[in-house]
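This report concerns only the one structure given below.
Only heavy atoms go into these numbers, but all of them, side chains included; no hydrogens, no water, no symmetry mates.
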Amino acid sequence: MSFNATTVVAAAVAHATQLSSQSLYANVDLTKVSWLEQMWAAWYIWIDNPVIATGLMSFLLHEFVYFGRSIPWIIIDAMPYFRQWKLQPNKIPTPQEQWECTKMVLFSHFTIELPAIWLFHPMAEHFGMSTWQVPFPAWQTMLPQLAIFFVFEDMFHYFAHQALHTGVLYKHIHKLHHKYSAPFGLAAEYAHPAEVFILGTGTIAGPILYCWYTRNLHIFTVYVWITLRLFQAIDAHSGYDFPWSLQHIIPFWSGAEHHDFHHMAFTNNFSTSFRWCDRIFGTDDKYREYRARITAQKAAMKGKSKAEREEAERNLIAEIEAEGLRAEALAEGSAPAPKTVKVQ
């Protein structure tokens, strides 16, 4: 069985009025919707089972976007020209590291995300979400919904991520994600299956709660949200800070420069998309000190040779990493807490 979208759409349009009363599009004039909406209808008509159609499309979308967005970063990592924008230029992922990462990511995708995605359609419809229906909502409707999802996920992730940095949760779950002190795009979902489930809840709970409250959400909007969220997560783990990176355009956007410090120093910067929570709750103090030291170091190294500047940068990164290793050991309980000496 092959899927020829053009043929299916033509057939669907030609016979829409002849379909039975129980057909999905019996009361829809498919000649008056957009090409993308016709493709959407064609998919559901071809599969002929909304649950399977939604589940399959959701999973394929996730895999296509995740690996499609990761591939450019793999190419960039292989090109020395881009090292000038690499946040930790001395740590480039090897092909073996990327392959090991890919295997773990695929394991999580098929064991955790696939079942959750497959069950999403019946749960979504239970809460009143539109799935197979066309036409899609207007962009004026979608934009505020996407903004709400971004804010909700960011706050959920901030507190859940902080919790994963404590005791047994870090030692047995989140530690896996911190295997790479210099992250790369593919490592965005390199995590323990339990972490994939915990943090993934923030991505899905926003749309579900919104739909439950308003009864006004289309899964197409959710797909746009998932695509943007995957782009954000992968780019934040890319390890590159370009002059055109989004955080230089939107000051409160986190970006790779913000999250890279979290992997390097272990502490600080627990949010995903925005910097608000870290600033409000004071969990960016070490990060801001680090940025101030970077600025001061650049000023002090003016006139120095390239080798001297690179050596100074390596020394500073090594110092921050050493502090991060001590903080990590404390978090998982493998190192004694520092003693406080009282002065009489």
Side-chain angles (χ1 to χ4, degrees), residues 65-66 69 72-73 76 85-88 139-165 174 177-178 182-185 187-189 198-207 209-210 221-298 317 320 324:
V65 174
Y66 187 84
R69 185 54 183 164
W73 293 117
I76 287 172
W85 295 296
K86 179 74 172 169
L87 290 160
Q88 299 184 58
W139 65 266
Q140 294 93 332
T141 300
M142 294 171 59
L143 280 181
Q145 293 173 343
L146 294 170
I148 290 170
F149 301 159
F150 263 109
V151 172
F152 177 88
E153 191 281 332
D154 187 72
M155 294 185 67
F156 181 96
H157 189 105
Y158 176 82
F159 292 108
H161 191 185
Q162 266 200 312
L164 287 171
H165 271 255
H174 191 50
H177 184 65
H178 274 267
F184 48 95
E189 291 186 355
I198 293 168
L199 297 184
T201 299
T203 301
I204 296 301
L209 291 173
Y210 179 90
T221 307
V222 178
Y223 285 171
V224 174
W225 155 238
I226 294 296
T227 299
L228 294 175
R229 174 71 180 97
L230 285 172
F231 267 62
Q232 179 277 322
I234 293 165
D235 290 359
H237 287 82
S238 68
Y240 288 87
D241 182 33
F242 297 112
W244 55 86
S245 293
L246 194 55
Q247 65 265 25
H248 299 300
I249 302 170
I250 304 175
F252 53 83
W253 186 257
S254 294
E257 181 261 344
H258 192 258
H259 192 66
D260 199 85
F261 180 82
H262 174 77
H263 276 262
M264 180 173 63
F266 180 77
T267 58
N268 274 205
N269 300 0
F270 296 101
S271 59
T272 51
S273 300
F274 309 117
R275 303 184 180 219
W276 304 328
C277 287
D278 284 301
R279 180 58 61 89
I280 292 169
F281 295 104
T283 50
D284 66 347
D285 53 340
K286 291 182 174 60
Y287 161 74
R288 286 187 286 119
E289 290 173 7
Y290 171 71
R291 296 311 306 174
R293 290 180 65 182
I294 287 284
T295 301
Q297 186 183 80
K298 286 182 178 179
I317 290 175
I320 299 299

dist L228:CG -> F150:CZ (nearest 0.5 Å) comes out at 4.5 Å
Under a 4.5 Å cut-off applied to non-hydrogen side-chain atoms, are P207 and F152 in contact? no
Please identify each residue that fulfils side-chain hydrogen bond (donor to acceptor under 3.5 Å, both in side chains) with T267, with sequence neighbours left out. none
Hey, can you tell me if H259 and H177 have their rings parallel, tilted or perpendicular (30° and 60° cut-offs)? tilted
Can you tell me how the ring of F261 sits relative to the ring of Y290, calling it parallel under 30°, perpendicular over 60° and tilted otherwise? tilted
Partner residues of N268 under the side-chain hydrogen bond (donor to acceptor under 3.5 Å, both in side chains) criterion, sequence neighbours left out: D285
For A188, enumerate each residue passing the side chain to side chain contact (heavy atoms under 4.5 Å, CB included) test, keeping only those at least two apart in sequence or located in another chain. Y66, A233, I234, H237
Taking ring pair (Phe, Tyr, Trp, His ring centres under 6.0 Å) as the definition, give me every residue that meets it alongside F270, ordered by chain and number, with sequence neighbours left out. H161, H165, H262
My understanding is that only residues two or more places apart in sequence, or in another chain, count here; which of them pass ring pair (Phe, Tyr, Trp, His ring centres under 6.0 Å) with F231? none
CE (M155) with more than 12 external heavy atoms under 6.0 Å: no
The reported gap from CE in M264 to CG in N269 (rounded to nearest 0.5 angstrom) is 10.0 Å
Residue pairs passing the salt bridge (Lys or Arg N to Asp or Glu O under 4.0 Å) test with at least one member in residues 143-164, sequence neighbours excluded, are E153-R229
Do W253 and Q232 make a side-chain contact, defined as non-hydrogen atoms from C-beta onward lying under 4.5 Å apart? yes
Could you tell me the separation between the CH2 atom of W225 and the CG atom of L230, rounded to the nearest 0.5 Å? 9.5 Å
Suppose we screen for side-chain hydrogen bond (donor to acceptor under 3.5 Å, both in side chains). Which residues come up paired with D241, at least two apart in sequence or across chains? Q247, H248
Salt bridge (Lys or Arg N to Asp or Glu O under 4.0 Å): pairs with one or both residues in residues 251-269, sequence neighbours excluded: E257-R275, E257-R291
Return the set of residues passing ring pair (Phe, Tyr, Trp, His ring centres under 6.0 Å) with Y240 (not counting sequence neighbours), or none when no residue passes. W73, F242
Set of side-chain hydrogen bond (donor to acceptor under 3.5 Å, both in side chains) partners for D284, sequence neighbours left out: R279, R288
Checking S254 side chain against F274 main chain: does a donor-acceptor pair fall under 3.5 Å? yes
For H258 versus S271, what's the shortest heavy-atom pair and its separation? CE1-OG, 3.9 Å
Roughly how far apart are F156 CZ and T272 OG1, rounded to 0.5 Å? 11.0 Å
Looking only at heavy atoms, which two atoms of M142 and V224 are closest? And how far apart? CE-CG2, 3.7 Å
Closest approach of I320 and A265, non-hydrogen atoms and distance? CG2-CB, 3.5 Å
For Y158, enumerate each residue passing the ring pair (Phe, Tyr, Trp, His ring centres under 6.0 Å) test, keeping only those at least two apart in sequence or located in another chain. F281
Rounded at 0.5 Å granularity, tell me how far OG1 in T295 sits from CZ in R293. 12.0 Å
Would you give the length of the straight line joining atom OG1 of T141 to atom CG of L146, rounded to the nearest 0.5 angstrom? 11.0 Å
Which residues share a salt bridge (charged side-chain N to carboxylate O under 4.0 Å, His left out) with D235, sequence neighbours left out: R69
